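Notes to accompany the following structure.
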Amino acid sequence: MATDLDAAEAAVLPLVAVAAPDQAERARAALGALRGRRRLLEAEAAFDRWRAALALGRECLAEADGLKTRIEPQRPFAESPDKQRLLEVETAHARAERDALAALFDFERALGQAALDAPPAEVDALRARVLLARGRVLEDDDPAVAEAFYREAAEADERSGGALASELARPVVEVRSERPGECVLSRFEFDPTVARMVPREEARGPTPARFEASGAGEYLIEVTAEGCLPVRDLVILTRGGRREFAYRPIERASLGPLADMVVHIPAGVARWGERLHEKAVVSEVLLGAQEVTYELWRSYRVAQSTTDDQANVPEPPGAERLAPSDWPRWPLMGVPLKALPPFLIWLQSELELAGLSLHVRFPQEHELHRATRGEFSWVFPWGRQFEAAFCLNSVGVQPDRMVVSRRFLVDHQPDEDRSWFGLINLAGRVSEFATTATLHSGNAAFGGCFTSGASSLRDAMLRAGALHEEATSFSTGLRLAFVRWERTLDQTPSGRRVDDAVTTAHALLEARQDREALRLVNQSLPQAPHDVRLWNLRGSLRNELDDPWGAVWDFGVALTLRPDDATLLSNRALVNMSRGALDAAEADFSRALAEAPAQFEALVGRARLHLRRGNWSAAKSDFDEASRNNPNHPAIRDLRRQLAESRGRSRPGD
């Protein structure tokens, strides 16, 4: 091409010398255009040399870093092939830097000269390409300067026709989800004062979402949904780039009665240890939203017992300071380790009977790290600073003696006591969760609990799960994990034998032979796990036998099979109200009344719940509706008396 330009210029020069006045201007313009083209070609060649020199320099830097890593352990005066090679690489890098600088200078000179003669659009097109390339080189080191280059490139590209518009466009992130959630797109920068990434700007919106990022850089894509650990991905976005992020949470309806008891932990990375240097990939798992309670343990003991006195359950430490209705919801402690395998076997049978293909076990350490802290993380589940008040165990005055510093029921948590994600209930005690470091000050052990003995340095969940031979019981809470889930509930019709069993069980229940009725229902359920009547009946029987956890579980399985049954909803609500789970009870009462507005049991139950919460007017409204339906029922007379007493204790005007 350069030879062709030389020949054209040689042919045009004589014409300019002898041209008539009317043709001289055209000849000079043609000559100028040829010279402009030559300068553009020179500028493009300089641009190519600049990029080649940059690429060579980067390769040399990478090789030099590897050589230095190998050389550092050697003695300073020792000679080695690595040191000789390092000298050559550093020399090549310096030469590449000089060549890149010289090429960039040649480009600027050639482009300036070409601008005098070449078409402006072609000059701007080349300038836009160079500015785009320079911006991409600086994206990692100086995003602000890179952004300035991008703006100049966009202006030049627009003047030249917009050939680079797609490459210069702001990055776009598209987030898709199979279930509604909140999507957050945060641009991060490194804060050396706390050694962590901090957000610089954010964009939020519901999924599905399409976010236009402010520019190139590092972005954290995060999607949150109810009952699920946030799904996150830290990505590098460039100008003109597009990123698709597909988010698929578990279908909670497939979990039946387990849905409200677990948190979905998607597969991802967990970090822990000094400076978070430990790293592991965690597979998808369902983790208990709270620790195993004495209530659940009692359900297991009742199922294994034939008489009431055999269903004894150890009381929690300090139970004398708890209300009788509170201690069943306290985290289980002090149970012999040898009793845990039979407990898991029993719970596994409950899962299988409910048609849930789940394997139950104790969590692994890295699963707890991911659940309480995630990928980018805090030292403790509640934040970066150690807080003694958030630990259950603390050192007493006497050596080797544990005393209680703070207690919470597992469903009475202040927000600041929850994990970073607000999904895992820490029950006011973090001894089951590992910190990022073993803290020696204040006798704080690995796991966040206080200790005055070296034996407590072992991770609490590993102690419970591994069943160490030297340990006889555990002094920390237990949390469960569930894996391999899918819905397998069978819904085939039941047979005559099941009908007879239901009739007989009802008769035994009326005769106050609860355990015999329960035995008969347990024998029938494997034959017809789809039969709602059996689950409803077993729930009522377990409630009569002082097994509220089992009753709620059975009503939950029945509701999985028949989600809109008002009677089942009322039954579960009544049990939840008796065990103090008022929010869950009110939700079920409201759902039952939405299906059957005149249902007597739901109206009376919700009225009593409103009274417990001190909401007299709401209780009176439900009472009035119930009394219109059945004014002579004994429950109406009792509720009228409670309303009168509550009104008498209220202030005037309430």
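All values reported here derive from a predicted model rather than from experimental measurement.
Nearest heavy-atom pair across Val282 and Ala270 is CG2-CB, 3.7 Å. Considering every non-hydrogen atom in both Gly539 and Asp554, the closest pair reads N-OD2, 3.5 Å. Minimum interatomic distance between Leu643 and Lys620 (heavy atoms only, all atoms of both residues): CD2-N, 4.1 Å. When all heavy atoms of Arg370 and Val269 are compared, the pair lying nearest together is NH1-O, 3.0 Å. Between Ala626 and Val604 the shortest heavy-atom distance is CB-CG2, 4.0 Å. The two residues Leu353 and Pro526 make their nearest non-hydrogen contact at CD1-N, 3.9 Å.
His264 pairs in a side chain to side chain donor-acceptor pair (under 3.5 Å) with only one of the listed residues (Arg252, Glu226, Glu284), which is Glu284. When Arg606, His610, Arg613 are each tested for a side chain to side chain donor-acceptor pair (under 3.5 Å) with Glu586, only one passes: Arg613. When each of Asn576, Leu609, Leu603, Asp622 is tested with Phe589 by the rule side-chain contact (heavy atoms from CB on, under 4.5 Å), just one qualifies, namely Leu609.
Cys183 places none of its side-chain heavy atoms less than 4.5 Å from the side chain of Tyr247. A heavy-atom distance below 4.5 Å is found between the side chains of Arg515 and Val302. Proximity of Ser177 to Arg248: side-chain heavy atoms (C-beta onward) are nowhere separated by under 4.5 Å. Side chains of Leu582 and Met577 form a contact here, defined as non-hydrogen atoms less than 4.5 Å apart. You'll find the side chain of Leu286 reaches within 4.5 Å of the side chain of Leu255, heavy atoms only. With contacts defined as side-chain heavy-atom distances shorter than 4.5 Å, the pair Phe555/Ser540 qualifies. Considering only heavy atoms from C-beta on, Thr560 comes within 4.5 Å of Pro257 through its side chain. Here the side chains of Arg538 and Leu518 are in contact, with some heavy-atom distance below 4.5 Å.
Considering CG of Asp233 and CZ of Phe245, their distance stands at 5.5 Å, rounded to 0.5 Å. With values rounded to the nearest 0.5 angstrom, Leu351 atom CG is found 10.5 Å from His359 atom NE2. With rounding to the nearest 0.5 angstrom, the CZ atom of Arg591 is 10.0 Å from the CG atom of Leu568. Considering CG of Asn543 and OG of Ser578, their distance stands at 5.5 Å, rounded to 0.5 Å. The distance from the CG atom of Leu525 to the CG atom of Leu534 is 5.0 Å, given to the nearest 0.5 Å. The structure places CG of Asp565 at 7.0 Å from CG of Leu559, a figure rounded to the nearest 0.5 Å.
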Decide yes or no on side chain to side chain contact (heavy atoms under 4.5 Å, CB included) for Leu287 and Arg479, but give the supporting numbers first.
CA-CA 7 Å; Leu287 202 62; Arg479 198 173 294 269; 4.1 Å; yes
Begin with the C-alpha distance, continue with both residues' side-chain angles, and end with the deciding distance and a verdict on side chain to side chain donor-acceptor pair (under 3.5 Å) for Ser570 and Gln599.
CA-CA 9 Å; Ser570 294; Gln599 193 192 48; 2.4 Å; yes
Full working for side chain to side chain contact (heavy atoms under 4.5 Å, CB included) between Thr224 and Val184
CA-CA 8 Å; Thr224 59; Val184 181; 5.8 Å; no
Residue pair Leu480, Leu344: steps toward the side chain to side chain contact (heavy atoms under 4.5 Å, CB included) verdict:
CA-CA 9 Å; Leu480 299 174; Leu344 291 180; 3.9 Å; yes
Should Arg298 and Asp547 be marked as a salt bridge (Lys or Arg N to Asp or Glu O under 4.0 Å) after you check the CA-CA gap, both sets of side-chain angles, and the distance that decides it?
CA-CA 7 Å; Arg298 175 174 176 77; Asp547 179 8; over 6 Å; no
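Every residue meeting the side-chain hydrogen bond (donor to acceptor under 3.5 Å, both in side chains) condition with Arg628, not counting sequence neighbours, appears here in chain and number order: Glu625.
Using cut-offs of 30° and 60° on the angle between ring planes, the pair Phe343 and Tyr300 is perpendicular.
With hydrogens and angles left out, the side-chain atoms of Asn571 and Asn536 include a donor and acceptor closer than 3.5 Å.
With a 6.0 Å radius and a threshold of 12 heavy atoms from other residues, nucleotides or ligands, Gln523 has its CD atom above the threshold. In Asp260, the CG atom is not crowded: 12 or fewer heavy atoms of neighbouring residues, nucleotides or ligands sit closer than 6.0 Å.
The main-chain N or O of Pro529 is found under 3.5 Å from a side-chain atom of Trp535 such that the two form a donor-acceptor pair. Judged by distance alone, the side chain of Arg562 and the main-chain N or O of Val532 form no donor-acceptor pair under 3.5 Å. Using a distance-only test at 3.5 Å, with no hydrogens or angles considered, a donor-acceptor pair links the side chain of Ser524 to the main chain of Leu520. At least one donor-acceptor pair closer than 3.5 Å links the side chain of Ser349 to the backbone N or O of Trp346. Using a distance-only test at 3.5 Å, with no hydrogens or angles considered, no donor-acceptor pair links the side chain of Trp616 to the main chain of Leu611. Using modelled atom types, no side-chain atom of Arg579 and backbone atom of Pro548 make a donor-acceptor pair closer than 3.5 Å. With hydrogens and angles disregarded, a donor-acceptor distance shorter than 3.5 Å links the side chain of Gln348 to the backbone of Val360. Here the side chain of Thr207 pairs no donor or acceptor atom with the backbone of Pro180 at under 3.5 angstrom.
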Name every donor-acceptor pair, under 3.5 Å, that has one atom in a side chain of residues 633-641 and the other anywhere in the protein, sequence neighbours excluded.
unit_1, atom_1, unit_2, atom_2, d
His633, ND1, Ala635, N, 2.9
Arg637, NH1, Asn632, O, 3.2
Asp638, OD1, Arg641, NH2, 2.5
Asp638, OD2, Arg608, NH2, 3.3
Asp638, OD2, Gln642, NE2, 2.8
Arg641, NH1, Glu645, OE2, 3.2

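At a threshold of 4.0 Å, the pair Arg361-Glu367 counts as salt-bridged, since one of the basic side-chain nitrogens sits closer than that to a carboxylate oxygen. A salt bridge links Arg542 to Glu350: at least one charged side-chain nitrogen sits closer than 4.0 Å to a carboxylate oxygen.
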